Amino acid sequence: MPAEASTSRPPSPPLTERQEARRRRILHASAQLAGRGGFDAVQMREVAESSQVALGTLYRYFPSKVHLLVATMQDQLERMHGTLRRKPPAGDTAAERVAETLMRAFRALQREPHLADAMVRALTFADRSVSPEVDQVSRQTTAIILDAMGLDDPSPEQLSAVRVIEHTWHSALITWLSGRASIAQVKIDIETACRLIDLTVPQE
């Protein structure tokens, strides 16, 4: 969005192999700490020590804990995407495949509720300074859904349906984490949102 362009950080140059390895150690440490104790357990000094980087170096990669945890979510989604590509969903329609995909992703997060809570809280707290990281999470989620739909070149209507499905999935995570929705209710809500795909994709 143009209005946010001036508040976003400029694109970073590509990381060297060594820098990428360091970034991966940081994200791994973040996920481990969050998995053990949730949002409050992720302290930047502990992340630096665990990933064997200087605290100042950590802040150059991630200016705050919220930046770090949103990037951790993008990394977790990227890993899920790889798993989903190796074992694609088996539904007969695009809507069924997307619903199965999102429930598999949900169950992966369900296995680590402290980590899921930390990442979702970070997304909720994110302000405009975290826009690049939040955009990466959104792009990764979109890519997962489009893969399940079997689309390379979605129409504007299809992208609009994907956005609504993303919002529903994110909201379902929040309501489940806060104890206000059961897994069964989450499944119903996700399947209901995925029916929007039937309005935008030719029947198979």
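Each residue takes its place number in the sequence, starting with 1. None of these values were measured; they are calculated from a predicted model.
Cluster annotation: Ile188 and Ile197 are assigned to distinct hydrophobic clusters (Ile/Leu/Val/Met/Phe/Trp/Tyr, side-chain heavy-atom contacts under 4.5 Å, transitive). Both Leu173 and Ile183 are part of a single hydrophobic cluster, where members link through side-chain heavy atoms under 4.5 Å apart.
Across every non-hydrogen atom of Ala105 and Trp169, the tightest pair is CB-CZ2, 4.0 Å. Of all heavy-atom pairs between Ser30 and Leu68, the closest is OG-CG, 3.7 Å. Considering every non-hydrogen atom in both Leu69 and Ala118, the closest pair reads CD1-O, 3.9 Å. Of all heavy-atom pairs spanning Ala193 and Ile165, the tightest one is O-CG1, 3.6 Å. Here the closest heavy-atom approach between residue Trp176 and residue Pro113 is recorded as CH2-CB, 4.3 Å. Ala122 and Val66 make their closest contact through O-CG1, 3.4 Å (heavy atoms, listed as atom of the first residue, atom of the second, distance).
Put simply, the side chain of Ile145 does not reach to within 4.5 Å of the side chain of Thr101, judged on heavy atoms. Counting only heavy atoms from C-beta outward, the side chains of Lys87 and Thr83 never approach each other to under 4.5 Å. Counting heavy atoms from C-beta outward, Ser131 and Arg128 have side chains that approach closer than 4.5 Å. Residues Asp75 and Arg24 have side chains in contact (heavy-atom distance under 4.5 Å, counting atoms from C-beta outward). At a threshold of 4.5 Å between non-hydrogen side-chain atoms, the residues Ser129 and His67 count as touching. Taking 4.5 Å as the limit, some side-chain heavy atom of Pro154 sits within range of a side-chain heavy atom of Leu146. A 4.5 Å side-chain heavy-atom check between Ile174 and Leu177 finds every atom pair outside the cut-off. When side chains are defined from C-beta on, Arg22 counts as touching Arg25, because their heavy atoms get closer than 4.5 Å.
When only modelled atom types and interatomic distance are considered, Thr142 and Arg139 share no side-chain donor-acceptor pair under 3.5 Å. Looking only at atom types and distance, the side chain of Arg18 has no donor-acceptor partner in the side chain of Thr16 under 3.5 Å away.
Ser51 contributes a side-chain N or O that, together with a main-chain N or O of Val47, makes up a donor-acceptor pair within less than 3.5 Å. A donor-acceptor contact shorter than 3.5 Å links the side chain of Gln158 to the backbone of Thr200. For the pair Gln185 (side chain) and Ala181 (backbone), a donor-acceptor distance under 3.5 Å is absent. With Arg180 contributing its side chain and Thr175 its backbone, the two residues share no donor-acceptor pair below 3.5 Å. The closest donor-acceptor contact from the side chain of Gln74 to the backbone of Gln140 lies at 3.5 Å or more, if one exists at all.
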Side chain to side chain contact (heavy atoms under 4.5 Å, CB included) between Met149 and Val162, intermediate numbers included: CA-CA 10 Å; Met149 290 171 70; Val162 168; 3.9 Å; yes

Glu49 and Arg45: CA distance, side-chain angles, deciding distance, salt bridge (Lys or Arg N to Asp or Glu O under 4.0 Å) verdict: CA-CA 6 Å; Glu49 289 173 2; Arg45 189 171 296 280; 5.5 Å; no

Pair Tyr61-Gln19, side chain to side chain contact (heavy atoms under 4.5 Å, CB included): steps then yes or no: CA-CA 9 Å; Tyr61 282 83; Gln19 288 171 328; 3.3 Å; yes

Thr57 and Arg60: CA distance, side-chain angles, deciding distance, side-chain hydrogen bond (donor to acceptor under 3.5 Å, both in side chains) verdict: CA-CA 5 Å; Thr57 301; Arg60 283 200 295 276; 3.2 Å; yes

Stepwise side chain to side chain contact (heavy atoms under 4.5 Å, CB included) check, Met119 with Val137: CA-CA 11 Å; Met119 295 187 302; Val137 167; over 6 Å; no

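The CG atom of Asp147 sits 8.5 Å away from the CG atom of Leu84 when rounded to the nearest 0.5 Å. Taken from CZ in Arg79 to CG in Leu27, the straight-line distance is 8.0 Å, to the nearest 0.5 Å. Going from atom OG1 of Thr168 over to atom CD1 of Ile190 covers 8.0 Å, rounded to the nearest 0.5 Å. Here the CE-CZ distance, from Met44 to Phe62, works out to 8.0 Å after rounding to the nearest 0.5 Å. To the nearest 0.5 Å, the span separating CD on Glu133 from CG on Leu123 amounts to 10.5 Å. Taken from CG in Asp40 to NE2 in His114, the straight-line distance is 11.5 Å, to the nearest 0.5 Å.
For Asp152, the CG atom is loosely surrounded, since the number of other residues' heavy atoms within 6.0 Å does not exceed 12. Sparse packing is recorded around NE2 of His28, with 12 or fewer heavy atoms of other residues, nucleotides or ligands lying under 6.0 Å away.
For the pair Lys65 and Phe125, the cation-pi test (distance below 6.0 Å, angle within 45°) is failed.
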